[in-house]
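These notes are about the structure you will find just below.
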Amino acid sequence: MQTSIQKARIGIVGIGNQNPNIPATESKKYAEMEKLLEMEEKQCKKIQPPTFVVQPSISIDGNCQTLGFCTTSCLKPTFVWKKLVEGGAKKKIVNSDRIQIVWEFLTRETRKVFWLGLKIKEPTIEDVGQYICTVRNKSGKLYATFNVDVPLFTEKPQNRKVMPDGKAPHFPRQPVTRKYYDESLELECFVDANPTPQVKWYHDNNLVNTDAGAYRCAIVNPHGKANANFTVELAGFSLPIFVEKPHISSRNDVDVRVMVMEFRAKSILEPTFMWQKLVGGGAEEIIAGSDRIKAVKKLEAGNVYYSALEINEPTGDKDAGQYICTVENESGTLTATFTPMFELPEGHPLFTRQPQLLQQTTSGGERAICLDVGYSAGINTQVTWISPKSEKMKESSRIKFKTNDEGSGNFTVQLELTKYTVKDSGTYTCLIKNDAGEIRFEQTLNIWGPLDDDANDGEN
């Protein structure tokens with residue numbers, strides 16, 4: 001199984017000096033890792049400031065709190081941990097018997113990723129407060145902030161309550177920030193916890209509704225607490241944003257049913273797209289192309305990118321689960337998530353037969369091309385025809401829409417096109433949608449012959 005992040009080597013180091021508690025074998029590994037990084041840094045041609053790969057979060061394991069995040073940097077960064085104390089001063093943190101500064105060097109495809117962490121064993125009331133990790137390389141710096149609260153297990157043993165079986169909140173995946181085309185923002189985090197935790201959102205440590213600034217999602221159950229931190233900057237926002245939200249549709253290609261997970265995103269900077277599927281234990285497996293599975297990427301007008309994952313003849317045994325597409329540019333990431341449903345809800349549209357392309361004569365004696373689609377669906381179903389220009393089509397003197405109710409929830413719809421010319425060539429889409437779901441069919445129309453300048457292009 002291939003994953004997006006593979007651990008290369010692990011080193012534990014203090015700030016400015018090696019942790020004296022590290023065994024000789026670990027010190028040797030650390031020295032080897034430093035040599036490896038020095039060799040790779042010589043190949044680094046373009047130095048970028050460090051950026052977040054995984055946003056700062058706090059996890060609790062037994063009697064230990066871990067503050068951690070992932071950053072990418074071409075060069076090995078330097079990092080310093082500090083804690084805010086009275087008067088706003090910052091106290092530098094060093095290794096001790098209770099507090100340990102840890103880091104891991106990870107590789108993610110062609111990028112270097114570093115996980116940086118601070119472990120606090122048996123935290124006390126003195127450990128409550130705000131912590132800041134400053135990460136620097138030759139091109140810039142990055143700040144990670146954490147708000148630490150002491151959980152219930154810091155009480156003296158004789159005062160502790162016996163806790164039932166369960167799991168403290170933990171973030172199996174990084175929190176994500178999405179900006180949509182309508183200028184709305186969505187902050188999303190995924191949590192693994194038992195029992196169901198309480199969730200509260202904070203802005204600059206206050207339960208209020210505002211815009212730019214630092215946001216925190218606090219998730220608590222009796223076993224512990226986890227925090228997901230977000231920083232929202234509205235000025236110069238160059239992260240990828242959704243133009244069309246992620247959705248799942250289906251179509252028929254020559255007797256083959258195709259499930260399509262698709263969305264559109266706008267990105268000023270050229271992005272990369274990585275499709276993954278969650279497998280056992282929360283791991284993410286990269287989806288490789290095959291005869292049955294195909295990833296599609298297409299640049300459209302206005303810096304809009306169309307991305308889709310197409311699966312031929314999908315089945316619940318092979319294809320059930322959660323799919324993730326990570327869109328990334330130099331400013332950050334955007335995550336699209338999909339969960340296919342193989343047991344369709346009642347009333348979901350379904351094709352009743354293979355759609356057809358017909359040539360026929362109208363009642364007025366004109367030659368016509370007809371796209372013919374049969375489907376079944378529940379109430380309040382809408383049928384939309386989309387032209388090769390990706391525009392919603394309207395009826396005109398050349399374009400007619402026909403619907404025939406065949407009874408028992410079965411329908412036939414047709415797009416009839418007369419006085420057609422070469423300019424009408426392209427891919428037409430039939431979108432059938434109701435509250436239970438949607439299906440779509442695409443038909444490519446190739447018309448041969450001389451151009452007809454008298455045809456009205458605005459009608460389709």
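Note that the numbering runs from 1 along the sequence shown for the chain.
The main-chain N or O of Ile386 is never found under 3.5 Å from a side-chain atom of Thr429 such that the two would form a donor-acceptor pair. Judged by distance alone, with hydrogens and angles left aside, the side-chain atoms of Ser290 form a donor-acceptor pair with the main-chain N or O of Ile293 at under 3.5 Å. The main-chain N or O of Gly365 is never found under 3.5 Å from a side-chain atom of Thr361 such that the two would form a donor-acceptor pair.
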Q. Is there a side-chain contact (heavy atoms from CB on, under 4.5 Å) between Phe69 and Leu116 once you walk through the steps?
A. CA-CA 6 Å; Phe69 62 98; Leu116 308 179; 3.6 Å; yes

(Q) Checking Leu417 against Arg398 for the side-chain contact (heavy atoms from CB on, under 4.5 Å) test, could you report, in this order, the C-alpha distance in whole Å, the side-chain angles of both residues, the deciding distance, and whether it holds? (A) CA-CA 6 Å; Leu417 180 63; Arg398 296 196 311 122; 3.9 Å; yes

Q: Let me see the working for Val102 and Trp115 under side-chain contact (heavy atoms from CB on, under 4.5 Å), right down to the final yes or no.
A: CA-CA 8 Å; Val102 294; Trp115 180 82; 3.4 Å; yes

Q. What do the steps show when you test Asp319 against Arg292 for salt bridge (charged side-chain N to carboxylate O under 4.0 Å, His left out), and what is the final call?
A. CA-CA 11 Å; Asp319 305 305; Arg292 205 174 65 86; 2.9 Å; yes

(Q) Tyr143 vs Cys133, test: side-chain contact (heavy atoms from CB on, under 4.5 Å). Steps then yes/no. (A) CA-CA 6 Å; Tyr143 297 98; Cys133 181; over 6 Å; no

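Side-chain N/O atoms of Ser59 and Gln65 include no donor and acceptor closer than 3.5 Å. Of the N and O atoms on the side chains of Ser425 and Asn446, not one donor lies less than 3.5 Å from an acceptor on the other residue. In this model, a donor atom of one side chain and an acceptor atom of the other lie less than 3.5 Å apart for Thr444 and Thr427.
Scanning both residues, Pro314 and Ile311, for their nearest heavy atoms gives CD-O, 3.6 Å. Among all heavy-atom pairs drawn from Leu67 and Trp81, the shortest one is O-CH2, 3.9 Å. Contact record, Asn434 with Gly378: ND2-N, 3.7 Å, taken as the closest heavy-atom pair. Taking all atoms of both residues into account, the shortest heavy-atom contact from Phe441 to Val373 is CD2-CG2, 4.1 Å. Of all the heavy atoms in Gln276 and Thr326, the pair that sits closest is OE1-OG1, 4.0 Å. Listed here is the closest heavy atom pair of Ala308 and Glu262: CB-CB, 3.8 Å.
Ion pairing of Glu442 with Arg440 is absent here, as no side-chain N (NZ or NE/NH1/NH2) approaches a carboxylate O to less than 4.0 Å. With salt bridges taken as basic N to acidic carboxylate O contacts below 4.0 Å, one links Glu416 and Lys402.
Under the rule for a ring pair (Phe, Tyr, Trp, His ring centres under 6.0 Å), Tyr131 has no partner lying at least two apart in sequence or in another chain. For Asp435, the salt bridge (Lys or Arg N to Asp or Glu O under 4.0 Å) test picks out no residue, with sequence neighbours left out. Annotation: side-chain hydrogen bond (donor to acceptor under 3.5 Å, both in side chains) contacts of Lys318 (sequence neighbours excluded): none. Listed by chain and number, the residues in a side-chain hydrogen bond (donor to acceptor under 3.5 Å, both in side chains) with Ser408 amount to none (sequence neighbours excluded). Applying the salt bridge (Lys or Arg N to Asp or Glu O under 4.0 Å) test to Arg136 and every residue at least two apart in sequence or in another chain returns nothing.
For the atom pair CD (Gln443) and CG (Leu371), the distance works out to 6.0 Å, reported to the nearest 0.5 Å. Put simply, CZ on Phe411 and OG1 on Thr352 are 11.0 Å apart, with the number rounded to the nearest 0.5 Å. Atoms CD1 and CG, from Ile241 and Leu334 in turn, are 9.0 Å apart once rounded to the nearest 0.5 Å. The structure places CD of Gln130 at 5.5 Å from OG1 of Thr145, a figure rounded to the nearest 0.5 Å. The OG1 atom of Thr418 lies 5.0 Å from the CD atom of Glu366; values are rounded to the nearest 0.5 Å. Interatomic distance, Lys419 NZ to Ser396 OG, rounded to the nearest 0.5 Å: 9.5 Å.
The neighbour count for Gln360 CD, taken as heavy atoms of other residues, nucleotides or ligands under 6.0 Å away, is above 12. In Lys400, the NZ atom is crowded: over 12 heavy atoms of neighbouring residues, nucleotides or ligands sit closer than 6.0 Å. Arg367 CZ: 12 or fewer foreign heavy atoms inside a 6.0 Å radius.
Taking the six-membered ring where the residue is Trp, Trp385 and Phe401 present parallel rings, their angle staying beneath 30° rather than reaching 60°.
Remark: aromatic rings of Phe351 and Tyr375 are distant, center separation not under 6.0 Å. Remark: aromatic rings of Phe338 and Trp275 are close, center separation under 6.0 Å.
Proximity of Thr403 to Val383: side-chain heavy atoms (C-beta onward) are nowhere separated by under 4.5 Å. Within the 4.5 Å cutoff, no side-chain heavy atoms of Ile432 are placed close to those of Glu438. Side-chain atoms of Ile369 and Leu358, non-hydrogen and from C-beta on, never get closer than 4.5 Å to each other. Contact annotation: the side chain of Val80 never approaches that of Thr78 to less than 4.5 Å [non-hydrogen atoms, C-beta and beyond]. Side-chain contact between Thr412 and Asp372: present, with at least one pair of heavy atoms (C-beta onward) separated by less than 4.5 Å. Counting heavy atoms from C-beta outward, Met259 and Pro340 have side chains that approach closer than 4.5 Å. Contact annotation: the side chain of Glu328 never approaches that of Pro271 to less than 4.5 Å [non-hydrogen atoms, C-beta and beyond]. Taking the side chain as every heavy atom from C-beta outward, Phe114 and Cys70 never approach each other to under 4.5 Å.
Sequence neighbours left out, the pairs with a member in residues 294-306 that pass salt bridge (charged side-chain N to carboxylate O under 4.0 Å, His left out) are Arg264-Glu300, Lys294-Glu310.
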